[in-house]
Amino acid sequence: MNIFKKIYCRIFQGCFHLAIPILPYRDPKILNSINELPAEFASKGINKVLLVTDPVIRSLTGELENLLPQAGIECIVYDKTNANPTVANVDEALALYIREHCQALIGFGGGSSIDCAKAVGARVACPRKSLAQMKGILKIGRRIPLLAAIPTTAGTGSETTVTTVITDDKTHYKYPISDFPLIPKIAVLDPKVTFSLPANLTATTGMDAMTHAIEAFIGGSTTRKTREYSIRAVKLIIQNIEKAYKDSQDENARRNMLLASNLAGGAFSRSYVGYVHAVAHSLGGAYNIPHGLANSVLLPIVLRRYGSKAWKKLAILAVAGGVAQANDSVQVAAEKMIAEICRLNAAMGIPEKLKGIKVEDIPELARRADKEANPLYPVPVLWNAKELEQFYYDVMDV
Ligand SMILES: NC(=O)c1ccc[n+]([C@@H]2O[C@H](COP(=O)([O-])OP(=O)(O)OC[C@H]3O[C@@H](n4cnc5c(N)ncnc54)[C@H](O)[C@@H]3O)[C@@H](O)[C@H]2O)c1
Ligand SMILES: [Fe+2]
């Protein structure tokens, strides 16, 4: 990246960093069981909700669908959300919301279902704006309907973030929309809805949370709170992810992973992510590569490429996570952190490469990653589209 663009990026990021204390961040109210949700909605005078989910998760929503009417709340269900939710998903769910005169939203599922519910909320708030017009930051600016999020993966942290990530059905362009009204009012962290998550998804979604914690921490826009959130999340993930992977019913490990994902979401919502996410989003949009898988594979590669600019912070995480000694040099400790990520990936059967990337697509994918990340993400080292292309070659399975 040329020097003028670098200066522009750093000034842009510096302004957002300075603004963190005055921006209206908030944390959702946390409930520990879905049983508590109907009373919460009833206390707010809600009598009809749209529950947004996907066809697989629908097998988990029955209990809540029964409990809501007992509290006098009618529950309408949209259960067609795709993994990597699309504009068409949001349009369909929005039509149902309007036709049924719903008053509130529940996103029940992984990040895809929660993001779909968030995007429906954005469209209800701004009926004249398309999702594409809301791409980027601070384009909503209006209150969305009451939104509760029930994560069934411990990964995205979408239940606490300012973001929804949507894919254009036609162009396969996947883009984040970030604004404060998108932070859900209520988050239900109930480990029992994650018991059915298959081992491979437990692994990749958990490593997505790891990526959030690390990218937020090594970036240049941290606060004391986001640093603390990231450190706690990394520790919890190192201690619990393999347990949850090996025994899906390990309630304590599942609860700790949900907490870690929530903390990591709180960290990156304020301190942003980095190039791992920008590249992963381009791959998710173009080839439907699962978000967590793309991040898991890219994370050690991007961290290694940041080189000495990331050592100091990676070393802090390595020591906090118990994978390095306090007297290790920052380089040795940082390398131990990257080695731990590779060890976890291998132990959980996560591959080192990604299938399906086409060489001829790479310039456009890198251009999209550049557009997402620059100038917003306060990454340790700045790269332009041309420089980002290397990551696609590094991860492609030929
Ligand atoms: N909004 C944010 O802040 C944010 C942050 C990171 C990622 N994301 C987005 O979230 C999406 C990914 O979300 P995800 O990784 O949670 O996966 P997902 O929601 O796409 O779900 C992946 C698969 O797992 C299944 N699944 C989920 N929970 C299950 C359970 N308990 N039991 C059985 N199957 C289950 C789903 O049906 C789906 O087939 C991507 O679009 C990504 O870009 C959003
Ligand atoms: Fe993510």
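Along the sequence shown, residues are numbered consecutively beginning with 1. For ligands, and for the atoms within them, numbers begin at 1 and follow the listed sequence.
On a distance-only criterion, H212 and ligand 1 share no N/O pair closer than 3.5 Å. Backbone and side-chain nitrogen or oxygen atoms of T194 are examined, and none is located within less than 3.5 angstrom of a nitrogen or oxygen of ligand 1. Where the criterion is an N or O separation shorter than 3.5 Å, residue side chain and backbone included, T163 meets it with respect to ligand 1. Between S158 and ligand 1, a contact under 3.5 Å exists for at least one N or O pair. The N/O atoms of T205, backbone and side chain alike, include none that comes under 3.5 Å of an N/O atom in ligand 1. Of the N or O atoms in V193, one or more lie within a sub-3.5 Å distance of an N or O in ligand 1. Note: no N/O pair closer than 3.5 Å links T156 and ligand 1 by distance alone. Backbone and side-chain nitrogen or oxygen atoms of G111 are examined, and one is located within less than 3.5 angstrom of a nitrogen or oxygen of ligand 1.
Ligand 1 has P85 within reach: a non-hydrogen atom of the residue lies less than 4.0 Å from it. Using a 4.0 angstrom heavy-atom cutoff, L60 counts as in contact with ligand 1.
Contact annotation for L197 and ligand 1: heavy atoms of both the backbone and the side chain come within less than 4.0 Å of the ligand. Both the backbone and the side chain of T152 come within 4.0 Å of ligand 1, counting heavy atoms alone. Residue contacts with ligand 1, taken as heavy atom pairs separated by less than 4.0 Å, do not involve F195 at all. Contacts with ligand 1 closer than 4.0 Å are made by heavy atoms of both the backbone and the side chain of N84. Under 4.0 angstrom from ligand 1, there are no non-hydrogen atoms of T167.
Distance SG/C102 to CG/N47: 10.0 Å, rounded to 0.5 Å.
Ion pairing of E228 with R224 is absent here, as no side-chain N (NZ or NE/NH1/NH2) approaches a carboxylate O to less than 4.0 Å. Contact check on E340 versus K336 returns no salt bridge, with no Lys/Arg side-chain nitrogen under 4.0 Å from an Asp/Glu carboxylate oxygen. Salt-bridge formation is detected for the pair D27/K225: a Lys NZ or Arg NE/NH1/NH2 atom is positioned less than 4.0 Å from an Asp or Glu carboxylate oxygen.
In this structure, F268 and H277 have parallel ring planes: the angle between them is below the 30° cut-off, well short of the 60° mark.
At a distance under 4.0 Å, a protein heavy atom can be found next to atom 37 (O) of ligand 1.
Heavy-atom contacts from other residues, nucleotides or ligands closer than 6.0 Å to CD of E352 number 12 or fewer.
Of the candidates S248, S113, S196, the one placing a heavy atom closest to atom 32 (N) of ligand 1 is S196.
Aromatic rings from Y8 and F4 are positioned such that their centres are separated by 6.0 Å or more.
Using modelled atom types and a 3.5 Å distance limit, the side chains of Q390 and D394 yield a donor-acceptor pair. A donor-acceptor contact closer than 3.5 angstrom is absent between the side chains of T153 and T205.
The set of protein atoms (N, O or S) found at less than 2.8 Å from the Fe ion (ligand 2) reads D208 OD1, H212 NE2, H277 NE2, H291 NE2, by chain and number.
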